[in-house]
Number of protein chains: 2
Amino acid sequence: MSDWEAPRVLLAVDLVILTVRGSSLQVLLVERGVEPFEGALALPGGFLRDVEEDIPAAARRELEEEAGLADEPHLEPLGVYGEPGRDPRGRVISVAHLAIAPRLPEPVAGTDAAQAWWKPVDDVLSGRLELAFDHRRIVADGVERARAKLEHSALATAFCGDTFTIAELQQVYEAVWGAQLDPRNFYRKVQAAPGFIVPAGDERRPGNGRPARLFRAGPTDSLNPPMVRSAQ
Amino acid sequence: MSDWEAPRVLLAVDLVILTVRGSSLQVLLVERGVEPFEGALALPGGFLRDVEEDIPAAARRELEEEAGLADEPHLEPLGVYGEPGRDPRGRVISVAHLAIAPRLPEPVAGTDAAQAWWKPVDDVLSGRLELAFDHRRIVADGVERARAKLEHSALATAFCGDTFTIAELQQVYEAVWGAQLDPRNFYRKVQAAPGFIVPAGDERRPGNGRPARLFRAGPTDSLNPPMVRSAQ
DNA sequence: CGAATAGTGTCTTTTAGACAATATGTT
DNA sequence: AACATATTGTCTAAAAGACACTATTCG
């Protein structure tokens, strides 16, 4: 064992960036510019820049380079994906991250050299859309993580802008969970968890009817009581 | 970018192996035999054996080599820990795994060259016990994962032997959550989740009182309704 | 005013938790 | 029998969900 040397691997960072557009949960995909899978759709990501780069830093860097999202969206580690033979360039270990982007005006977050598109996660999960590598699995894990965290954490506010109405927050839950919720019960439910959301003063969002009160994300991340998705 | 080459890192696998002994949640620790942190307590683990080794396979190998646990305990990926400067031997990325060992007769799972001990997680989390590297943080994450999963999954059965009584299952919940539960409500609660546990036929465990019925793990992993730990 | 959405009140059903009562074994 | 633990039953309080109703804006 004394002349044995531990093998070295390539370390990549991949991003599952989710947002809600319209009433559907969407994920940001890019077109690969190099082999393998050149031309195929894939998650934004890339190799560690240098051997001293911190993993969260690499994730933030890719978030900005490939998605143009510089303004601190929610970002958390998701998992490690590293089957041998996954990439012909050698043994690659990918550290996937989950990022949540707030509702953007409309335009797709284009970037860099490659192009980027928001695509409905349903199209990815159902297989209607082919992804490079094992990226479909990674998306599935990211979506499942988001669904679970909506129950117990304040993650939903990361999908919204700085201020938002309760109806907008409900749209997030409905898009991520793929379920309809009663607006009246939802209204009281979100306010029952102390510190989840706090009023932002005046009123706005003059939609078709009565303008809705505005809220912003509260101080606590852990929801108690939790938001429960009924057992389908 | 054409003459740029992606950096390579060392890949390690670390194990948070939890069990319940007596009424406390315990974690398996080994004494490090080499620098850095020689002589200090640490999680079992090690480098990938060769560049083609699968990560789950490496985790199972360490589980057997360092803990003597060959018989398929529950094993799941926990997270990635790879700050630069964490290890003087170079850039090391550690993929931590969570393993659950069933209640063992009594003897400590000794092994290999190094020695191993079960230690109460409370001693690790409180800092009474010093651990090498960032292993205290990894233990904390593993314990938190276990606590959370006990609510929504059948993970608790992994702490038990092949068959178990409901009182034994309750001891698992109490040790992991660090809380007291009402045996009568617990009894109905665990049976209310379809597929969580199934009867194993006859009776046994003739303790001091009436012998308890035996159960084994049921087919479903997802608990519905969940076991809830009251909001402390 | 009428349409449309925001926000409140109330009732019913379900669930969580406390705890009495009964069952079945050991000594 | 006395004791200890297992298992069942029952009551009460809290929460989830359905849904009628009121409020406020726009056209």
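Reminder, nothing fancy here: chain letters follow the sequence lines and each chain counts from 1. Only this structure's heavy atoms are used, side chains among them; waters, hydrogens and symmetry mates stay out.
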Quick one: on DNA chain D, does B/Asn208 or B/Arg213 contact a more 5' nucleotide (nearest heavy atom)? B/Asn208
Between A/Gly209 and A/Asp182, just flag the one whose closest nucleotide in DNA chain D comes earlier from the 5' side.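 Result: A/Asp182.
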Apply the side-chain contact (heavy atoms from CB on, under 4.5 Å) test between B/Leu155 and each candidate in B/Val176, B/Val172, B/Leu150; give the one that qualifies. B/Leu150
Going by side-chain contact (heavy atoms from CB on, under 4.5 Å), A/Val124 matches just one of A/Leu41, A/Val143, A/Leu131, A/Leu43. Which one?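 Among A/Leu41, A/Val143, A/Leu131, A/Leu43, the one meeting side-chain contact (heavy atoms from CB on, under 4.5 Å) with A/Val124 is A/Leu131.
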Bounded by its outermost nucleotides with an atom under 4.0 Å from a heavy atom of chain A, the footprint on DNA chain C reads C/dA4 to C/dT10
Span of DNA chain D in contact with chain B (heavy atoms, under 4.0 Å): D/dA4 to D/dT10
Any donor-acceptor N or O pair under 3.5 Å, side chains A/Asp182, A/Tyr187: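 There is no such pair between these side chains.
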State whether the side chain of A/Arg205 and the backbone N or O of A/Arg213 hold a donor-acceptor pair below 3.5 Å, judged by distance alone.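 Not confirmed, A/Arg205 side chain does not pair with A/Arg213 backbone.
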Do B/Arg86 and B/Phe133 form a cation-pi contact, if we require the NZ or CZ to be under 6.0 Å from the six-membered ring centre and within 45 degrees of the ring's axis? yes
For B/Arg210 and B/Pro226, take the nucleotide of DNA chain C holding the closest heavy atom to each; which residue's nucleotide lies nearer the 5' end?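 The residue mapped nearer the 5' terminus is B/Pro226.
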Return the 5'-most residue of the pair B/Pro206, A/Arg188 with respect to DNA chain C, ranking by each residue's nearest nucleotide. A/Arg188
Do the ring planes of B/Trp177 and B/Tyr173 sit parallel (below 30°), tilted (30 to 60°) or perpendicular (above 60°)?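 Rings of B/Trp177 and B/Tyr173: perpendicular, as their planes differ by over 60°.
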Scan A/Ala192 against the nucleic acid and name what it touches under 4.0 Å (heavy atoms): base, sugar-phosphate only, or nothing.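 Here A/Ala192 touches no strand at all.
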Charged N to carboxylate O below 4.0 Å: is that the case for B/Glu76 and B/Arg145?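 Looking at B/Arg145 together with B/Glu76, the answer is yes, because their closest N to O distance falls below 4.0 Å.
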Evaluate the criterion side chain to side chain contact (heavy atoms under 4.5 Å, CB included) for residue pair B/Gln171 and B/Arg103; output intermediate values, then yes/no. CA-CA 11 Å; B/Gln171 285 165 17; B/Arg103 224 176 246 280; 3.1 Å; yes
